[in-house]
Each structure stands twice: as C-alpha cells, then as structure tokens.
Amino acid sequence: MAAQEVQPSETIAKLKSESEALKTKLEEERAKLHDVELHQVAEKVDPLGQFVMKTRRTLKGHGNKVLCMDWCKDKRRIVSSSQDGKVIVWDAFTTNKEHAVTMPCTWVMACAYAPSGCAVACGGLDNKCSVYPLSLDKNENLAAKKKSVAMHTNYLSACSFTNSDMQILTSSGDGTCALWDVESGQLLQSFHGHAADVLCLDLAPSETGNTFVSGGCDKKANVWDMRSGQCIQSFETHESDINSVRYYPSGDAFASGSDDATCRLYDLRADREVAIYSKESIIFGASSVDFSLSGRLLFGGYNDYTINVWDVLKGTRVSILFGHENRVSTLRVSPDGTAFCSGSWDHTLRVWA
Amino acid sequence: SKIRGDTVHEQSSVEAMVLEMQDSKSGVKSSEQKLNITSIPHVVTGQDILAWIANHMKVDAQEAQTIGTMLVAYGFIYPLQDHKKLILKPDVSLYRFQTPYFWPVQKWKADNTDYAIYLAKRNIRKKGTLDVYEQEYYKNLHKWLNHKWDFIVMQAKEQYRAGKERNKADRVVFDCQERAYWIVHRPPPRTHSAMDYGVDRLIDPNAEENKTFDYYRRIIIFTQQAIMRSKVKSTVSLGAILKHMTTYKDHDPFLAPCLPSNPWQTDDSSYWDLNMRNVEIPTKMRVERWSFSFFELLNDPRGRTDFKVFLKKEFSGENLAFWEAAEEMKWGTASSISEKAQTIFKTFLAPGAPRWINIDGRTMGLTVKGLEHPHRYVLDAAQTHIFMLMKKDTFYRYLKSPVYKDIQKKALSPAPHNFTPSQLEQNAQNRKPGINPIIIWQQEEEERAKAAAAAGPIDIKKLMASKLDRK
C-alpha cells in the first residue's frame, strides 16, 4: 500500500474520532436492547434462606503462601501450588497428601488438574507450564516424567486443560494467552489484545462453543474465539486489575473479581455488565470468584482474608465467612457443587460446605 | 494483582478513612500513654478503633475486626505492644496511626537499600539487637549490596547522628513508626503482612499505549464487528439466566440437601458412591438432570451410555459415534489429527461408508474437501449439524422413549441420613479413601477400546495404536 501523503497527525485525529463515534454507536445499540434490569427480574424470585457454611477440612502442608488450586473431576481430590515452589495433590476428603512435587521455581501461580485425573499442570515464575503425569506408585519421582509444554516471556498466571489432557490454555504476565498441544509442546494459537499482564482465564462450558474469557491488569475482560484467536467481546467496566473470571454454569454470562473491591456479572448475549456486587465495608480486592452449581450463589475470596457469598440475582451479600489468617488467593467450587475450596497466603486450604 | 501486596485501588478510600479516624473531634479517642519511661502522644486502644469502624461503616463487630486488621496489615495503624503481630486486638491494647510518610504507596516500593540502612543503623545504636531473621536479611543484603556498602554505612551513621539530636519523645515515636514500617514490608516469619512482595509487573498498565494508526484501526475494526454481532434483548438473556437457576435450584447442594447426605458435612461418602461415573442404577436426581438439556445428557457418562442404549434400539448409533470421533480429533494430540481424519472419513463420510452419516450435500462437500488437508476444526460444520440434529430430534424422542422411562422407574431415591452426633464422630474417624482416578481412567480406556472393536469394520489395529500412543 502506498505511503500516505497527508499529515500523520491529521489522519490519526480522524481515526480517533471515527473510533469514538463507533464506540458511541455500540453503546446506543446496546442501550436499545437494555429493556430490563437484573434486579427487576429478581423481584419475582423468592429470597434465599439462611446459610450454614463451615470449614469442613483444613489442609495444612504448604510451607508458604498458597497461590492456586484446582479440583479433580472425582470431586474430592485437589491440586494446590504455593510460593515456595511446592505442588501438592491431596485427597481433600481424607486430607491425605498423595503426591508432592517441588518445582524449580518459586511463585507457582497456576496449577490445574487434567480431566482424566492422571496428570497435573503447573507453572509460575519459570514462565512455563509443565505437565506432571501422576502415578499409582507413591514413591515414584514425578519430576522425572515432567513435560514442559508452554513457554511465555513472563510469568505464568493461570492455566487450564481443555476438554482433554492433550491441550492446555495459558495466560501470562507477558500480556498474552496461548493454546498448546501437550504432546509436542507446539503453540496452536495465541491470543493478543490485552494491554498488560493477563491474570486469569476460564473456558466456556462446552456446548456454547470454543470460547474462553480472560481478565487482566488493563481492567479488561476479553472473550476469545479459540479457533481464530480473535477477541470477540470485550468489557471494560472495572476500575482496577481483574484477578479472576468465571463462567456462569450455562455459559451465557461470566463473573469477575477485581482489585477495585467489586465482583461483576456480564451478560454475554446482551453484551453488557448487568450487576455489581459490592458493599461500602468491602474495601479490599477480590482475588477469586466461582459460582455454585445452579449459578444462584457467587463465592468471592478477598484480600481482607474473608469470603463473601453473593446472591447473584438479587445482588445482596448473603453470608461472610471468616477463618483464613491472610488473603484468600484462590477459590473453586467442587465439580459436583457439594463444597468449595479456598487457598490462602496463610499457607492453608479450607474446604467449606 | 494477585501477587503483589499493592493497595492499588483501595488506597484513596482507605487513606480518607484513616484521616477521618484521626480527627480531633469525630475521630477515635486518643490519649498520651507512657511507654517505658517516655510519654507518647496520640495513642488509641484497639477496642476504640473497632467501635469507631463499626459505627462509621455500619458493620458488626466481626466485620469491623476484619477492616481493622487490614489497616494494621497494610501499615496504616501499628501496635505499640506485641509489635510483630499485625492484627487489631479488640481490647485495651495500644495502637498509633502511622505517619503518612510511611504509608504504603503504589509507586514506591520498600527498597532493599533503605532496609539495609535501617538494619545497619540499629546495629550501630546497639549491637546484638537484630532478631535472627533480621540477621539473615542483613547478611544477604551485605552480599547483594556489597558495591554500595560504604554508602549504606555512611547513611546509617548520618541518620543515627540526626536521630540523637531529636528530643527523646520524638525519637521514641519515630523509632516506633520506622520499626512498624519494616515489620509490614519485611515481615518476620509467621507474621502475616499484607505488603508481602512478590513479582513485579512486566507491563505498566498506567503507561499510555502508543496511539498509532494501528491502535485506532484495531479499535475501529473491533467496534464495527461488535456492532454487527447479533445481540438479544435483556428480557431474553436475563430470562435465560434466571431459567437456568430455577431449573437447577434443587440440584445445587448449597440450596437443597443432597441425598442421602453431603459427604463434606457428614463424612459419609455414599453420595459419591451412588453417583459414580458408570454406576449401574443411577439416582432419580441424576436421571432428571439428563432431561434438562442434551448437553447434560452427553456430559454425564452414565447418561451417554443410556442414550446409546436407545440409539442401538433405533439402529441410529452412527450420529453419536461420529460426534464422539470428531470430539476426539478436536481435543486430541496434534500429531494424531490426520490419522483420525482418515479413519473418520472412511467410517462415516465416504460413499458406502459402513456408518455413513446423513448430512446435507453442501456440508458434506465442504467437509470432504477440507479433509484433503485436515486440521483440528475441519469437522466443525458437520459436527455442529449432527449435534443439532440429535439435540432437536433424537434427544426429545429419547426422553419419551421406553428406555428413558425405564431408567426413571429403576432410578434410586436414597433416604436422607440421620446421623447421631456419635455416629458423625465415627464417620469422621473412618473416612473412606476413594478409588484412584488413574485406575478408573485405565478401566474406561479398556472399555473404550472394546466398544470401538465391537462397533464395526474399522481398522482396529490402527485405533489401538493411536490410543496406546496417547497413554
């Protein structure tokens, strides 16, 4: 294409006003469809009863801050990772430690259980995501079979297997997400669009297609098409880093938790934010969020050491849980919804039900 | 961020609150207190701080405690006694407000050089006052900052000299403030500080992105696509969200009791035993869930098995078999794609194929052409077509079929457990270990291989070989 002859600043100014006009148009289009608020829809629904949620298990064994955890599909095993480089696989029900791996780096910020239950993936300051096949032999040295899969140019912040053990999706401090083939370590697709570190990701429940959502330090939550690598939707309503994103169980929406002390709900089909979960007395950031099985409850782990439980529909807080002695860094509901697990900088994990 | 101790956003509201707490009229009641032999001004008690927070933020005692502890953990308030524990005690324990100079600030990290100067200064003042963990730090800092150690010692001596010139009360106060700052930023072992440092961000999110042509062009393209993309009215989308919640309400263990009992609450794992992946007789709740959507039915291995029983009776198993093969290819290893594509073509798509699937001519044409250079998503169009066919037709016929009605009848309805406290104690002592998922996986792999062999005339040897490769 021939070089432009016009003054560069004129053309940039024109492009800028064109992009602004389009943004306004998009808002108008969204507003046309904005015919009801979530709390209006919530009016016809019965309020929730009282909850009795307690710590049912406390898992002690990490020597430093717990940074991440994930459930196994068997609904009782979990994998957790910590600042001192240790990755532990537990049977949370019996509290037995089944495997322990020491990573060659500290700050293992991401870990995930494979769908088959036969492997775990983890990574952090080593900028990589590695897969460790698990063994029935407790004495086997898992590090011997370790497989390096993902390579980023900065820390690994999150990882997740897709529908099989064969592919891993990663997000990184280098501002990108990527999809990898586990067997060969090949990069299958990369996702560019965040303007700063990407801190979290979540895969859409299968039927809704091959998409995933990511959240970053640029305050944006982006929805991506895994096939093409394109960002197909973007939401920028948070006022600070987005630490956690999680799909609503039907895949039609997702929630986010941020350093701005709020959690929010985004309606994907109407393409807008529909709820903000916040309170004046909650002034410290939310680090991780997850839905209960039906999607009615949103559990949020916060930097002020507490867990707040929100009524997703009515926007109210239905419970606040105390127990951790330092910030809650990770939180996930179990695959059958019978409990959720929280990990904390106080070195422990707790299972609540 | 999830790794640094930043108070990036909360800063201004916390600072505003802390200033309000120090207001002479409406703030927390303060007084002068004797610490050893020195009088320290503006001292407050833990219980007064908590009362103020509870009143001001309109929260109960426990929440006030949480907020108060945060103020200490971040270093806005510091304890005068038991100074290594960064919590707010709800009693007459004494606290002071930290001077703004020592507040946590986003852009200025607590520097190692400053810490070295601080430790050196304390060493000068009185040898042997450093704690063991401080000595460790000091040793390491001496190593890392060896090149500027002369500067550090000079600064320490200068600060020590300047300190001696202050009056005693001021010096004691400053020492407390400085000590509190470093407890927060270089916490002793077993002290939980909110300012624990971790990883630095690579990209400064506050830096202005270079607003070039490309930047605006990208925004324009993206926004145009966003405008074009179909959206639905909120009544429709929020209605769907509500419908999901309502449908699953009784299946959510946090909203309705799971039967016979929640294993985490009673330490009895019967619920999991009754709901194992391929149990012979499923529970009524599980069977009901299959009717919620085709996706639920397929996602549950037991449901998928039952669906296959129905398909066998209808002699229409090829649709599901094709869908499963396509899933395997899509989520499988990159190296197995072309092999699987060939097998799928021979089995389901080729003219006269043994399990030929009935898709429209156009989709068939595109798919076959795509298979000449197979890639992971080459079967997407065909797979979607078959999935929608099953979802809109076969699924509903299944739900009305004798197969489904039969399993509904047979399904179990476990009675709720009613454990006595002593039984619960027993349960807690006897928690059963579950079967290792690796074993279950191995068993299922064997069954998959058997089913594939029984399914029809395809190249069994090749199929087994590709399965073994994955293992």
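Letters A, B, ... mirror the listed sequences (proteins, then strands); counts begin at 1. Only heavy atoms go into these numbers, but all of them, side chains included; no hydrogens, no water, no symmetry mates.
At a 4.5 Å heavy-atom cutoff, the contact between B:Asn436 and chain A is made by backbone and side-chain atoms alike. Interface remark: A:Cys72 contributes side-chain atoms only to the contact with chain B (heavy atom separation under 4.5 Å). When heavy atoms are compared at a cutoff of 4.5 Å, A:Phe322 approaches chain B solely by way of its side chain, counted from C-beta outward. Both the backbone and the side chain of B:Val232 come within contact range of chain A, judged by heavy atoms closer than 4.5 Å. In this structure, the portion of A:Asp91 lying under 4.5 Å from any heavy atom of chain B is its side chain and not its backbone. Contacts between A:Val182 and chain B at a heavy-atom distance below 4.5 Å are absent for every atom of the residue. For chain B, the nearby part of A:Ser135 is the backbone; its heavy atoms alone come within less than 4.5 Å. Only the side chain of A:Leu48 comes within less than 4.5 Å of a heavy atom in chain B; its backbone stays farther off. Residue contact with chain B, scored on non-hydrogen atoms closer than 4.5 Å, involves the backbone and the side chain of A:Glu280 alike. Only the side chain of B:Arg229 has a heavy atom closer than 4.5 Å to any heavy atom of chain A. With a 4.5 Å cut-off on non-hydrogen atoms, A:Ala42 does not touch chain B at all. Interface remark: A:Phe51 contributes side-chain atoms only to the contact with chain B (heavy atom separation under 4.5 Å). Heavy atoms closer than 4.5 Å to chain B are found in the side chain of A:Ile320, but not in its backbone. At a 4.5 Å heavy-atom cutoff, the contact between B:Met17 and chain A is made by side-chain atoms alone. Looking at A:Pro249, both its backbone and its side chain come within 4.5 Å of chain B, counting heavy atoms on both sides. The part of B:Lys391 that comes within reach of chain A is its side chain, from C-beta onward, which places non-hydrogen atoms under 4.5 angstrom from that chain. Interface remark: A:Glu37 contributes backbone atoms only to the contact with chain B (heavy atom separation under 4.5 Å).
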Practice item. Test A:Trp352 against A:Phe299 for ring pair (Phe, Tyr, Trp, His ring centres under 6.0 Å), laying out the working first. Key: CA-CA 11 Å; A:Trp352 309 75; A:Phe299 303 104; 9.7 Å; no
Exercise for review: Test B:Trp264 against A:Phe93 for ring pair (Phe, Tyr, Trp, His ring centres under 6.0 Å), laying out the working first.
Suggested key: CA-CA 7 Å; B:Trp264 300 103; A:Phe93 187 65; 5.8 Å; yes
Review point. Does the ring pair (Phe, Tyr, Trp, His ring centres under 6.0 Å) test come out yes or no for A:Phe161 and A:Tyr113, once each step is laid out?
Key: CA-CA 8 Å; A:Phe161 285 89; A:Tyr113 224 118; 8.9 Å; no
Exercise for review: Evaluate the criterion ring pair (Phe, Tyr, Trp, His ring centres under 6.0 Å) for residue pair B:His244 and A:Tyr248; output intermediate values, then yes/no.
Suggested key: CA-CA 10 Å; B:His244 183 96; A:Tyr248 181 75; 5.5 Å; yes
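Here A:Lys23 does not pair with A:Glu20 in a salt bridge; the nearest charged N to carboxylate O distance is not below 4.0 Å. Between A:Asp74 and B:Arg277 no salt bridge is recorded (no basic side-chain N to carboxylate O distance below 4.0 Å).
Residues B:Tyr248 and B:Arg289 have side chains in contact (heavy-atom distance under 4.5 Å, counting atoms from C-beta outward).
Of the listed residues A:Gln230, A:Met53, A:Glu28, the one with more heavy-atom pairs under 4.5 angstrom with chain B than any other is A:Met53. Between chain B and the options A:Asn96, A:Ile232, A:Leu134, the largest number of non-hydrogen pairs under 4.5 Å is found for A:Ile232. Of the residues considered (A:Val52, A:Ile242, A:Asp336), A:Asp336 shows the highest number of contacts with chain B, using heavy-atom pairs under 4.5 Å. Among A:Ser184, A:Ala21, A:Cys231, A:Ser334, the residue with the largest count of heavy-atom pairs under 4.5 Å with chain B is A:Cys231.
Side-chain atoms of B:Thr283 come within 3.5 Å of backbone atoms of B:Arg286 as a donor-acceptor pair (strictly under, hydrogens ignored).
Using modelled atom types and a 3.5 Å distance limit, the side chains of A:Thr162 and B:Trp331 yield no donor-acceptor pair. Checked by atom type, the side-chain pair B:Thr266/B:Ser261 shows a donor-acceptor distance below 3.5 Å.
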